[in-house]
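Excluded from the calculations below are hydrogen atoms, water molecules and symmetry mates; all remaining heavy atoms, backbone and side chain alike, are included. Order of the sequence lines sets the chain letters (A, B, ...), proteins ahead of strands, with each chain counted from 1.
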Amino acid sequence: MRSVREAWKAAVAATVADMLAEKGADPALSEAVAAEAPPDAAMGDVGFPMFPFAKVLRMGPPQIAAALAERLSAKAGQAPAGTVKAVGPYLNVFLDRASVAEQALSSRSLGASYGRSSSLAGSKVMIEFSSPNTNKPLHLGHLRNDVLGESSARILRANGAEVMKINLVNDRGVHICKSMLSYMAYGGGRTPEDEGKKTDHFVGDYYVKFNELKKEDPRAEEKAQELLVKWEAGDPETIALWKKMNEWAVGGIRRTYERTGVSFDKYYYESQIYLTGKDEVQKGLASGVFFKAEDGSVRVDLTPIGLEEKVLLRKDGTSIYMTQDLGLAIHRHADWPFDRLVYVVANEQQYHFKVLFYILKRLGYEWADSLFHLSYGLVNLPEGRMKTREGTVVDADSLLDSLRELALEEIQAKGREDAVGDPQDTAEKIALGAVHYYLAQATPSKDMIFNPKESLSFNGDTGPYIQYMGARISSLLRKRDRGEGGAAKGEVRPELLSSPTEWELVRLVSSYPEAVEQAGAEYNPAIVAAHMYAVASAFSKFYHDEPILNCDEPDRAATRLALSEAVLVVLKNGLELLCIPFLEAM
RNA sequence: GCGUUCGUAGCUCAGCUGGAUAGAGCGACGGACUUCGAAUCCGUAGGUCGGGGGUUCGACUCCCUCCGGACGCACCA
């Protein structure tokens, strides 16, 4: 469809250029030709508004549209297949439906490669996401980050980019020392195994218990600082405890990644790289990009970008967050020269990245322009922001567990345990589909409200709804394979796909690659998610309105089944991009 | 105070680089299972697109301003 659409746009633009030239106007103005979708399919498949040319051509838009329609009809042989019609100020095109349908059905043989493009071929993209702390388990906010990062990576790859996914684990700092201190006070040498707890949750519990410790010991905060100093000094006992607890935390977090289908090509640990960047700051100081303040700290002047100044090295010479990120970016580019480095980080850190990118630019790194902060909004609860201290954080594992339970109840209520094979596994996949879709369909940059009740619903615009359509089509195909229905005797004839519901499906199947490409260009999985829902919804209507396998006419049955298969290809590929498991039955 | 960002139906959100009567889902109300899976489909009700200016042939979309919310403006990460 894309090609046909683009061809029409080019044809219209060329004709407008002719008209402009005849009137002595600049033919280049024809670039203003824009393709749109008419509000009603009965008006045409593609529409071109003529308003922009009214002034230069000194003609009313309806007259221009009429003149264009005449000219384009006259050269029917050279123009793309289809017919044109002037509708008021618009020039509308009716595409040749049979050829678009044929194109849509070709997705069946392309299979998993349908929707792939080379729009980003040759480009190396590094994408950093998740970045967990090793003092507590993943929560809902991480799930949004993870699905955004993982899904963006998959979409970029689908568009031909070479992608490196990285995870920067925040495994050092005072907050880590707090959970260690708390464990020293209350742990008594116990292990996660002793309590039958998932290892990261075990560590997280001690982090929460630090609040109790603070009440009992007014010096708790100070002690955490002291512990950090000991850690930095390499105190063997401290390091040993730190290692043990980190293994628990990271191990548990990795299990959650496995559960959600998220993976990384490379892990970086802050404990190993937090000192990098110091050298870069020294170099910048020598070259005059930075300056030494009266108190001895090294700073950078940010007035050129409307900010004040930022400390890069404390007066005692120790580094801070910015110093580390500075060094890390430089090292990464040296390791793997990327064309694009994407940081998937919450929008709270806009300031940080604005400054980081500016400093790298000032240091003379040309690639600083290729850095991109994929900023996403917070996930809030109906009552407001999630707060660790108030215990309102929605834990990732528990959320998935409760969704799985609900899905399981649904399966049992419908008596589908046998049909589904493994009810537990199916329920888990439905839960994952529900969460990932919920998080992926939202526009990344916006804050979102996670309503537990609503997310527990599997009806309407949800992941399970889309999975359900996939299961229905799979069921049709199983029946076909068993010889049910008359499809086997029929012949696939694309021109039979002419009803409104069929055409809508054809249109959506054929425009799926465009959605993937746009999602890649904008780093926005929500575009794919919206397309998935549109396809699923259109299929549901089609399924309801038209007999497929049971259609009396063999050719029509075969063709409708072929369309269903094409829809299945789109659903499978799209769900894969969104980290939503596909289900043969549910 | 400054900066960023958001404000569309009761709720949660779409609305493509400004364009033809503002769209979904949930919730509410009313329908549709002897037929391919009802985790479905159909219908009804519900919006001065936060207020006000401006640019334009045309503004939910761009600019200004005011109101309201969120986030940020650490020698924390």
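- Legend: residues meeting ring-ring contact (aromatic ring centres under 6.0 Å, His included) with Tyr268(A), ordered by chain and number and at least two apart, are absent.
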Each nucleotide N or O in nucleotides 21-26 of chain B that has a protein N or O under 3.5 Å away: list the pair and distance.
{"residue": "rG25(B)", "atom": "O2'", "partner": "Asp461(A)", "partner atom": "N", "Å": "3.2"}

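- At a threshold of 4.0 angstrom between heavy atoms, the contacts of Lys55(A) are confined to the sugar-phosphate backbone, with no base atom among them.
- Between Arg172(A) and Glu232(A) there is a salt bridge, with a side-chain nitrogen of the basic residue lying less than 4.0 Å from a carboxylate oxygen of the acidic one.
- Counting only Watson-Crick or G-U wobble pairs whose defining distances are both under 3.5 Å, the stems of 3 or more consecutive pairs in RNA chain B are B:1-7 with B:67-73, B:10-13 with B:23-26, B:28-32 with B:40-44, B:50-54 with B:62-66.
- When heavy atoms are screened at a 4.0 angstrom cut-off, Leu307(A) is found touching no nucleic acid atom at all.
- Side chains of Asn159(A) and Ser117(A): a donor on one and an acceptor on the other come within 3.5 Å.
- Residues Glu502(A) and Arg560(A) are paired through a salt bridge, judged by an N-O separation under 4.0 Å between the basic side chain and the carboxylate.
- Using a 30° and 60° split on the angle between ring planes, Phe51(A) and Tyr90(A) fall in the perpendicular class, above 60°.
- The residue among Pro52(A) and Met586(A) whose nearest nucleotide of RNA chain B lies closer to the 5′ end is Pro52(A).
- Residue contacts shown for Lys315(A) include a base, since a base heavy atom lies under 4.0 Å away.
- Within 6.0 Å of the NZ atom in Lys55(A), the count of heavy atoms belonging to other residues, nucleotides or ligands does not exceed 12.
- Between Glu348(A) and Arg385(A) there is a salt bridge, since a side-chain N of the basic residue sits under 4.0 Å from a carboxylate O of the acidic one.
- Residue Phe51(A) and nucleotide rG19(B) are classified as a stacked aromatic pair, their ring centres being separated by less than 5.5 Å at an interplanar angle below 30°.
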